[in-house]
Amino acid sequence: MGHSAAVWDYRAATEITKDWNGIDQVLLRTPRGSSARVSLHGAQVTSWRNEHGEELLFTSSKAIFKAPKAIRGGIPMCFPQFGNCGSLEQHGFARNRMWAIDENPPPLPGNDSSGKSFIDLVLKSSEEDMKCWPHSFEFRLRVSLAADGDLSLISRVRNINGKPFSFSFAYHTYLLVSDISEIRIEGLETLDYLDNLFKKERFTEQGDAITFESEVDRVYLSSPNIIAVLDHEKKRTFVIRKEGLPDVAVWNPWEKKSKSMVDFGDEEYKQMLCVDGAVIEKPVSLKPGEEWTGRLQLSVVASSFCSDRLGLDRSGL
């Protein structure tokens, strides 16, 4: 706490280490003690801790940290396909590729590095990718940690192909919660959703908030840019702000599905909830040379900070 933001060297607060498989990972830190860890395998955020050192993202105790298996937890990148809605492997291939550190990325609009510890990563289409998805692209990701501990992810996908292509996308965010039966999501009420448990049939949300009593696997459509996930037991609220991500996927496997997943503990569904900023129903279409940007910002506030003041019906970032 001896540092002020004015003298804190944010570049020095970015450290590259190796995980237990020898894969490079980047550690971001803030003066107050918040941290985030990003693996170059999948450009996946694998940890996000507050200034007290408390982990905020769920990772399964049975997660497999070995390519080509995606890590069960953190924030995997679903690109260029979400789920099984196309011909590619589940959630696309980006989360199973080795990304590179982007030393000289094109500038972001506005000043997105001021007062933040950050890393820029890049994935470019390989010959292997072209066999299953024949499109040339550049995917740039900036992961940043603000002085107050807010975690931001900015994705930019550019078409460097000679022909248009389209893709779906999600930040598949595994939140660590105290008890799923005590959780409520505000900001998605009255919205239409596609229910993956009923062959993607379309329904309208009837509750004044979303609560959990059984398996949930839904995509909420045309959602507001601010959503709140209230954890009653921990008396804290995750605030999700997003741009360029009209849909929100909500997933908890519950008991039966948990037991069928080899990389997930039988009882771990009680401590996790996926709430994903996403583009699913209407995929992004890019002409040659065009670029798409999708932003996600995660904050944690005390639950006494009531949802009325979040302005859930207002725009996001």
Side-chain angles (χ1 to χ4, degrees), residues 1 13-21 23-66 69-77 95 116-119 143-153 171-185 212 227-241 250-253 258 261 263-277 296-303 305:
M1 295 290 285
T14 305
E15 178 187 351
I16 298 175
T17 61
K18 291 191 183 293
D19 68 14
W20 43 90
N21 284 314
I23 295 174
D24 283 348
Q25 56 182 0
V26 181
L27 179 66
L28 307 176
R29 300 189 309 275
T30 71
R32 294 181 191 168
S34 301
S35 67
R37 198 167 60 236
V38 190
S39 174
L40 268 59
H41 174 216
Q44 185 161 339
V45 178
T46 56
S47 173
W48 173 39
R49 293 178 181 268
N50 64 19
E51 59 192 64
H52 307 297
E54 297 168 328
E55 182 59 61
L56 301 167
L57 297 177
F58 168 87
T59 299
S60 173
S61 62
K62 294 190 173 183
I64 298 165
F65 291 85
K66 190 168 184 181
K69 184 70 178 173
I71 302 162
R72 176 73 68 187
I75 310 178
M77 296 284 128
R95 64 182 187 151
K116 295 178 180 178
S117 172
F118 66 93
I119 189 71
V143 181
S144 61
L145 198 61
D148 60 5
D150 286 3
L151 179 68
S152 296
L153 296 92
Y171 292 111
H172 193 24
T173 308
Y174 286 78
L175 301 175
L176 182 63
V177 300
S178 55
D179 180 351
I180 187 63
S181 61
E182 297 283 333
I183 302 301
R184 55 190 280 135
I185 304 176
F212 299 87
I227 292 143
V229 181
L230 287 74
D231 189 331
H232 179 70
E233 194 171 305
K234 281 209 164 90
K235 295 185 171 55
R236 72 183 180 200
T237 297
F238 289 99
V239 182
I240 300 168
R241 293 178 171 88
V250 177
W251 179 63
N252 182 286
S258 296
M261 295 190 287
D263 58 348
F264 195 88
D266 290 356
E267 299 290 316
E268 287 185 328
Y269 72 91
K270 296 175 182 175
Q271 270 71 57
M272 61 73 65
L273 175 63
C274 285
V275 183
D276 310 350
L296 183 77
Q297 180 184 315
L298 301 174
S299 324
V300 179
V301 298
S303 284
F305 189 92

Notebook entry, point to check: For the atom pair CZ (F118) and CG (L153), what is the distance rounded to the nearest 0.5 Å?
Noted result: 14.0 Å
Next item on the list: For the pair D276 (side chain) and T173 (backbone), establish whether a donor and an acceptor sit closer than 3.5 Å, ignoring hydrogens and angles.
Entry: yes
Next item on the list: Indicate the atoms forming the closest heavy-atom contact of L273 with I185, along with that distance.
Entry: CD2-CD1, 4.0 Å
Check: From E268 CD over to M261 CE, what is the distance, rounded to the nearest 0.5 angstrom?
Finding: 9.0 Å
Checklist line | Shortest non-hydrogen separation from E233 to D179 and the atoms involved | finding: OE1-CB, 4.0 Å
Notebook entry, point to check: Can you check side chain to side chain contact (heavy atoms under 4.5 Å, CB included) on R29 and S117, steps first, answer last?
Noted result: CA-CA 6 Å; R29 300 189 309 275; S117 172; 5.6 Å; no
Next item on the list: Work out which heavy atom in Q297 is nearest to a heavy atom in D150; give both atom names and the distance.
Entry: NE2-OD2, 3.2 Å
Notebook entry, point to check: Distance from L151 atom CG to R49 atom CZ, nearest 0.5 Å?
Noted result: 13.5 Å
Note to self: Please report the interatomic distance OG(S34) to CD(E54), rounded to the nearest 0.5 Å.
What the structure shows: 10.5 Å
Notebook entry, point to check: What do the steps show when you test Q271 against L176 for side chain to side chain contact (heavy atoms under 4.5 Å, CB included), and what is the final call?
Noted result: CA-CA 6 Å; Q271 270 71 57; L176 182 63; 4.3 Å; yes
Check: Donor-acceptor pair, E182 side chain versus V177 backbone, under 3.5 Å?
Finding: no
Check: Can you name the closest pair of heavy atoms from H41 and R95 and give their distance?
Finding: NE2-O, 3.8 Å
Next item on the list: Would you mind telling me which of Y269, W48, F238, F264 makes a ring-ring contact (aromatic ring centres under 6.0 Å, His included) with F58?
Entry: F264
Next item on the list: Any chance you could lay out the side chain to side chain contact (heavy atoms under 4.5 Å, CB included) test for E55 and L57, step after step, and finish with the verdict?
Entry: CA-CA 6 Å; E55 182 59 61; L57 297 177; 3.6 Å; yes
Next item on the list: Mind telling me whether W251 and H172 have parallel, tilted or perpendicular rings, with 30° and 60° as the class edges?
Entry: tilted
Check: Out of curiosity, K116 NZ to L28 CG, how far, rounded to the nearest 0.5 Å?
Finding: 12.0 Å
Notebook entry, point to check: So how far is it from D148 CG to N50 CG, rounded to the nearest 0.5 Å?
Noted result: 12.0 Å
Check: In this structure, which one of V45, I75, L56, V229 forms a side-chain contact (heavy atoms from CB on, under 4.5 Å) with L298?
Finding: I75
Check: What's the verdict on side-chain hydrogen bond (donor to acceptor under 3.5 Å, both in side chains) for S258 and E267, showing C-alpha distance, side-chain angles and the deciding distance?
Finding: CA-CA 7 Å; S258 296; E267 299 290 316; over 6 Å; no
Note to self: Do M272 and S60 have side chains that approach each other closer than 4.5 Å (heavy atoms only, starting at C-beta)?
What the structure shows: no
Notebook entry, point to check: Can you name the nearest heavy-atom pair linking S39 to T46, along with the distance?
Noted result: CB-CG2, 4.2 Å
Check: Taking all non-hydrogen atoms of both residues, which atom of I240 and which atom of L296 are closest, and how far apart?
Finding: CG2-CD1, 3.6 Å
